Amino acid sequence: MVFSENLPEKRIRRLLSRSFFHEEDVLSVAKNLLGKVLVTQFSGIETAGVIVETEAYRGADDRACHAYMNKRTKRTETMFRAGGHAYIYLCYGLHHLFNVVSGPEEVPDAVLIRAMEPVLGLDEMLRRRNLNRNQPKVSSGPACLSMALGIHKHMDGDRLWEKSGIWLEDWSFALDKDQIAADTRIGVSYAGSDALRPWRFFVKNNPWVSAYPKGLESV
DNA sequence: ATAATGATTCGCT
DNA sequence: GCGAATCATTATG
């Protein structure tokens, strides 16, 4: 499914409420975030994309999660906050990866946002990405997505339920269960058997999804 | 104080 | 496909 082909003239934009991040477990939140719109606004310039790929990370029992075994460090402290905060950290020394904290306070679960389809402020995103036309690599993959939206680790801990610099919206894009597939997460081979968990979720047949498995199983 | 290592991407080959 | 870029975080001494 491609979202930007049939954008309605009149878009009804609703800010995602705080309860969206609280009321369900991290796997459900990861699935529910598909089709939602991630928005940033800096100095009057608004940029946004429809989320098409996510990964769930669960602190309690998931070796791929930074807060595995509920490990508290300076970095993971943000994950222990209540659902709806941004968890942003530097990867490989140069990429700012964006996550949505989920669940109640003290439960260090988060959803990595891996890919989105641009729907607002494309020109600005192309500028940030140093590209001249729309294509998947504008915002396919977590580092590309962050660069397109201007996300930086200094926004770690920001509140996503308020229209400050970064927030989430519902544009009423409907997604059936059979349009969502699950696969193993990317780049977590160090996590042993937890690397096999099918905790990556993505929209089928969307060109911005960063990697497709051999078979496509609906969730 | 030192060393190892990524929830990655890009540009070549 | 491969290697480089590039550094905060973390564990260990």
Side-chain angles (χ1 to χ4, degrees), chain A residues 21 25-27 29-31 33-34 38 49 51-81 83 85-103 107-118 125-158 160 166 181-202 207-214:
Chain A
F21 312 100
D25 62 284
V26 66
L27 298 183
V29 172
K31 287 177 240 184
L33 278 168
L34 295 175
L38 179 59
I51 295 169
V52 298
E53 183 181 350
T54 62
E55 282 179 0
Y57 288 86
R58 190 163 71 189
D61 60 353
D62 172 18
R63 282 178 57 188
C65 182
H66 291 157
Y68 174 54
M69 298 277 280
N70 296 321
K71 184 177 62 176
R72 256 190 143 102
T73 65
K74 201 170 181 183
R75 181 176 64 160
T76 64
E77 193 59 38
T78 311
M79 295 183 81
F80 286 83
R81 296 211 204 162
H85 289 270
Y87 171 47
I88 304 168
Y89 72 96
L90 200 59
C91 182
Y92 291 99
L94 55 162
H95 303 305
H96 303 257
L97 302 206
F98 172 75
N99 304 249
V100 175
V101 176
S102 83
V107 176
D109 294 354
V111 178
L112 172 68
I113 310 300
R114 288 191 55 87
M116 68 175 190
E117 178 182 339
M125 291 196 272
L126 292 178
R127 210 167 302 135
R128 289 172 182 158
R129 295 283 295 118
N130 202 20
L131 297 168
N132 49 36
R133 63 180 178 85
N134 197 12
Q135 55 195 297
K137 75 177 188 184
V138 171
S139 52
S140 176
C144 296
L145 177 149
S146 282
M147 196 182 295
L149 288 175
I151 292 171
H152 188 278
K153 72 184 176 73
H154 65 57
M155 295 149 74
D156 180 52
D158 280 6
L160 299 171
I166 181 165
D183 188 30
T184 51
R185 293 168 293 181
I186 309 282
V188 296
S189 53
Y190 60 87
S193 58
D194 290 331
L196 302 176
R197 295 183 192 266
W199 286 1
R200 184 169 70 99
F201 306 100
F202 58 93
W208 278 265
V209 171
S210 68
Y212 276 95
K214 293 153 202 137

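The model shown is predicted, which means the values in this text are computed figures rather than measured ones. Letters go in sequence order (proteins before strands), and every chain restarts at 1. The figures here come from the full heavy-atom set of this structure, side chains too, leaving out hydrogens, waters and symmetry mates.
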Above 12 or not: heavy atoms from other molecules or residues under 6.0 Å from CG of A:D61?
yes
Salt bridge (charged side-chain N to carboxylate O under 4.0 Å, His left out) partners for [X], two or more places apart:
X      : value
A:D109 : none
A:R200 : A:E53, A:D183
A:R128 : A:E124
A:D158 : none

From A:Y87 OH over to A:M79 CE, what is the distance, rounded to the nearest 0.5 angstrom?
5.5 Å
In Å, rounded to the nearest 0.5 Å, how long is the span from CG of A:L27 to CZ of A:R197?
8.5 Å
For C:dT9, take OP1 and OP2 only and decide whether either is under 4.0 Å from a side-chain N or O of A:T73.
no
Parallel, tilted or perpendicular: which describes the rings of A:H95 and A:Y92, with under 30° parallel and over 60° perpendicular?
perpendicular
Contact pattern, 5' to 3', of nucleotides 6-13 of chain B - B, S or - by protein heavy atom under 4.0 Å:
BBBSS---
Once pairs are restricted to Watson-Crick or G-U wobble with both distances under 3.5 Å, how does DNA chain B read as a dot-bracket string, [ ] for crossings and | for other-strand pairs?
||||||.|||||.
Let me know the distance between NZ of A:K74 and C1' of C:dT10, rounded to the nearest Å.
13 Å
